[in-house]
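Report on the following structure.
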Amino acid sequence: MWILITVLLLVVPALALAILRVIRPNFRFFWLIAVGGSLLAWLSAWLWLLRLPLTFELPPWQPQSLFTQTPAFLADGISWPFAVGLLTLALGIILTAVVRQDLTDPMPWAGTLTLTGVGVLAVTANNPLTLVLVWAALDLTELFTQLRSVETPEASERIVVAFSTRVVGIGLLIWANVVSVAGGSRLDFLAMPAEAGLYLLVAAGLRLGVLPLHLPYSAESKLRRGVGTAMRLTSAASSLVLLARIPPGSAAQSPLTPYLFILVAVAAVYGAWTWLRAPDELAGRPFWAIGLAAMAVASALSGSSAGAAGWGAALVLTGGALFLASVQQVWVSRALLAGALTLSSLPFTLTAGAWNGGAPVFPPAWPLLLAAQAMLIAGYVRHALRPGVRDTMDNHPAFARSVYPVGIGLLLLTALVLGFVGWDGALQVGNLVAALVATLLTLGLVWAAPRLPFLNPIRAHWIRPSGATAWLDGLYRGLWALYQSLGRLSDSITSALEGEGGVMWSLLFLAVLIAFMSQAGQ
C-alpha cells in the first residue's frame, strides 16, 4: 500500500495543478503545491526502508483463464534506489524551476509529477504484464510529445523508427513470459527461470540503444531541461531496472555471452567518447544514457544485479544534477564533482558493486569498459566545470538563489547516501583494481583534454545539428529504406491485382496452377 500512497502523492497534486490552471489561472501558489507533493512523495519513499520488501497487487482480472497474472508491484533492495532516484529527480526539477521558467505556468510541473508517478510504477513492477503496460504508457507519451516538438518529416520519421525499436523490446519481454509459461512456471521478477534472463537482457538493451547500438530516441528534440530531463531519465530507469532483475549467472550460460560483451563494450565506448566530446551536456544527453546503460548491461552480463542497479541510479541522480544545472554558480559547479566520485566505482560509492558479479567479464571487453568508464567521468567533469556558458545567478532574485542550489544538492547528496544505506548494493568495497584503473585514466583524460585538440568538442563530426544525418544511423536508415521499398512493391502488386487487370491476372494464375497440377498428376 505504501507504493500506491507514494504514487498518489504525485498524481493528486498533478491533477490539482491541471484543474486549478483551468478554473483559477491567476492562482499564485502553483509552485508550492508542486513542491509539497514531490517533497511528501520523496519522504514517503524513504519510509519504505522501515518495511522493505513492500508488495502491492491489484485484484485478479477476469476471466482468470485468460489473465493468469495481474499487475503487481514490489519495492525491495533493487527497485528502491530507482524509485528514490526518480522521486529526487522530480523534486530537483521543481526546485530548480525557479531559475528556468515562469512560476505562473504549472503544466510542466504537472507533467513531471505524472511522469514520475508512472516511473515509480515501472521500477517497482513485479511481473511482465505490469512492466509491459507501464512501458507502453511511457512510450506512447514520449512518442506524442516528441512528434509535437519537431517540425520536419525526417525528424518525425526518426521518432517513429525509435518507437518501433521500443515496441520490439516490449515484444521480447512478452516472449520471455511465453518461454517461462511453456516451461511450467509463471514469470515474475522474484522467481525468474534462468532461460528467460537472456531475453530480458536483450529487451532492455534494445530499449536503451545498446543492443544493437542505436539512438533510442531522436537527438534533435527541443524539449526543455525540466520535462525533457524527466522524460529521458524516467524512460531509461524503467528499462534499467529490468537488468537488475535478471537472475545472476543466467546470461553467462549462453554461448552468445562473449559476443554480447563485445557489442556492449563497443556501445559503451561510442557513447562515452561522444559524450566526452559533446559541445554541451544537453547535446550529449542521449550518449550519456547510452554509455551508462551499456555499463549497466555489462554488469548484468557479469551477474551483478547490484552493479546494474547502481549504474541505473547513478544515471538518474548524477545525470539529473548535471542536466538541471542551468545557472552558473561556483559552489554548485564544485558540488557537481561529487557526481564524478559516484561514477568511479571506488569503495562505498553508488557504483562500487559494478564488477562484483559471479561471472567473469569477457577478457577482451575489460579495456574497452574501463576506457568507457573513464571517458564518461571525464566528460562529466568537463561539462560540470564549463565556464561562462550558463546564465548567472545575478539575474535572479534572492529567493531563486537560495532554492536553486538545494535542488541540485539533493540529487548529489542522495547519490552519496545510497552508497552507504538502503539497498542491496550499499556498503560495497567492489573491485578496487578496476576502480583505481578507471580513476587514473580519468585523471589522465582531464589533464589531457585542454592540451590535445582531438579531445575537444567538434559539433560537425559528432553531434549533428537538426536535419543532418548521423553516421551511426546509416544502417538503420538503410533498413528503413528497404522496408519502404518492400512496402511500395507490395502496393504495386496489390494495385495490379485489384485494378482492371485483376481478373486477367487471376485467370493467368489459375491456368498456371492447373498446368502445374496436370504435370504433377502425370
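What you see is a predicted model; the values in this text were computed from it and never measured.
Using a distance-only test at 3.5 Å, with no hydrogens or angles considered, no donor-acceptor pair links the side chain of Ser304 to the main chain of Ala300. For Ser345 (side chain) and Thr351 (main-chain N/O), a donor-acceptor pair under 3.5 Å exists by modelled atom type. At least one donor-acceptor pair closer than 3.5 Å links the side chain of Arg382 to the backbone N or O of Ala278. In this structure a side-chain-to-backbone donor-acceptor pair under 3.5 Å is present from Gln373 to Leu343. Remark: side-chain polar atoms of Trp355 are not paired, donor with acceptor, to backbone N or O of Ala434 under 3.5 angstrom. In terms of modelled atom types and a separation under 3.5 Å, the side chain of Tyr380 and the main chain of Leu276 share no donor-acceptor contact. Of the possible donor and acceptor atoms, none in the side chain of Thr414 sits under 3.5 Å from a partner among the backbone N and O of Leu317.
For the 3.5 Å distance criterion, the side chains of Thr6 and Ser44 qualify, holding a donor opposite an acceptor. Residues Trp42 and Thr88 bring a donor and an acceptor atom of their side chains to less than 3.5 Å of each other. In this structure, a donor-acceptor pair under 3.5 Å is present between the side chains of Arg166 and Ser235.
Taking both residues in full, the closest heavy atoms of Ala321 and Leu412 are given as CB-CD2, 3.7 Å, listed atom of the first, atom of the second, then distance. Between Ala296 and Ala308, the shortest heavy-atom contact is O-CB, 3.7 Å. Between Ala237 and Val316 the shortest heavy-atom distance is CB-CG2, 4.0 Å. Residues Pro13 and Gly37 come closest through the heavy atom pair CG-CA, 3.7 Å. For Gly319 against Leu233, the heavy-atom pair with the smallest separation is C-CD1, 4.3 Å. Between Leu172 and Ala203, the closest heavy-atom pair is CB-CB, 3.7 Å.
The side chain to side chain contact (heavy atoms under 4.5 Å, CB included) search around Pro367 returns none, not counting sequence neighbours.
With contacts defined as side-chain heavy-atom distances shorter than 4.5 Å, the pair Trp275/His383 qualifies. The side-chain heavy atoms of Thr234 and Val118, taken from C-beta on, include no pair separated by under 4.5 Å. Side-chain contact check for Trp109 versus Ser38: every heavy-atom pair is 4.5 Å or farther apart. Side-chain contact between Thr229 and Arg285 is present, with heavy atoms from C-beta onward closer than 4.5 Å. Between Leu113 and Ile94, the closest side-chain pair of non-hydrogen atoms falls below 4.5 Å. Residues Leu208 and Ile290 form no side-chain contact, since every pair of their non-hydrogen atoms from C-beta on lies 4.5 Å or further apart.
For the atom pair Leu336 CG and Leu411 CG, the distance stands at 9.5 Å (nearest 0.5 Å). The CG atom of Leu341 sits 8.5 Å away from atom OG1 of Thr439, with the distance rounded to the nearest 0.5 Å. Atom OG of Ser79 is separated from atom CH2 of Trp423 by 11.5 Å, given to the nearest 0.5 angstrom. For the atom pair OG1 of Thr124 and CG of Leu54, the computed distance is 10.0 Å after rounding to the nearest 0.5 Å. In this structure, the separation between CD1 on Ile3 and CD on Glu57 is 11.5 Å, given to the nearest 0.5 Å. For the atom pair CG of Leu173 and CG of Leu242, the computed distance is 6.0 Å after rounding to the nearest 0.5 Å.
A salt bridge links Arg245 with Asp76: at least one charged nitrogen is closer than 4.0 Å to a carboxylate oxygen.
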- [ ] Tell me, with the steps shown, if Thr349 and Thr342 meet side chain to side chain contact (heavy atoms under 4.5 Å, CB included).
- [x] CA-CA 5 Å; Thr349 60; Thr342 300; 5.6 Å; no
Open item on the list: Please evaluate residues Leu87 and Leu91 with respect to the criterion side chain to side chain contact (heavy atoms under 4.5 Å, CB included), reporting the C-alpha separation (whole Å), side-chain torsions for both, the decisive distance (0.1 Å), and the verdict.
Closed with: CA-CA 6 Å; Leu87 291 166; Leu91 182 56; over 6 Å; no
- [ ] Could you go through the side chain to side chain contact (heavy atoms under 4.5 Å, CB included) check for Leu240 and Phe82 one step at a time?
- [x] CA-CA 9 Å; Leu240 285 166; Phe82 284 97; 3.9 Å; yes
TODO: Quick one: do Leu315 and Trp288 satisfy side chain to side chain contact (heavy atoms under 4.5 Å, CB included)? Show the steps, please.
DONE: CA-CA 8 Å; Leu315 185 149; Trp288 161 264; 3.9 Å; yes
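In this structure, Trp175 places its CH2 atom where only 12 or fewer heavy-atom neighbours from other residues, nucleotides or ligands lie under 6.0 Å away. For Tyr259, the OH atom sits in a loose shell: 12 or fewer heavy atoms of surrounding residues, nucleotides or ligands are nearer than 6.0 Å.
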Show me the donor-acceptor pairs within less than 3.5 Å that the side chains of residues 129-138 make with the rest of the protein, sequence neighbours left out.
| from | atom 1 | to | atom 2 | distance (Å) |
| --- | --- | --- | --- | --- |
| Thr130 | OG1 | Ala72 | N | 2.9 |
| Thr130 | OG1 | Ala72 | O | 3.4 |
| Thr130 | OG1 | Asn127 | OD1 | 2.7 |
| Trp135 | NE1 | Ser238 | O | 3.1 |

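Ring orientation note: the planes of Phe73 and Phe56 are close to parallel, at an angle under 30° on the 30°/60° scale.
Trp46 and Trp80 have their aromatic ring centers within a separation under 6.0 angstrom.
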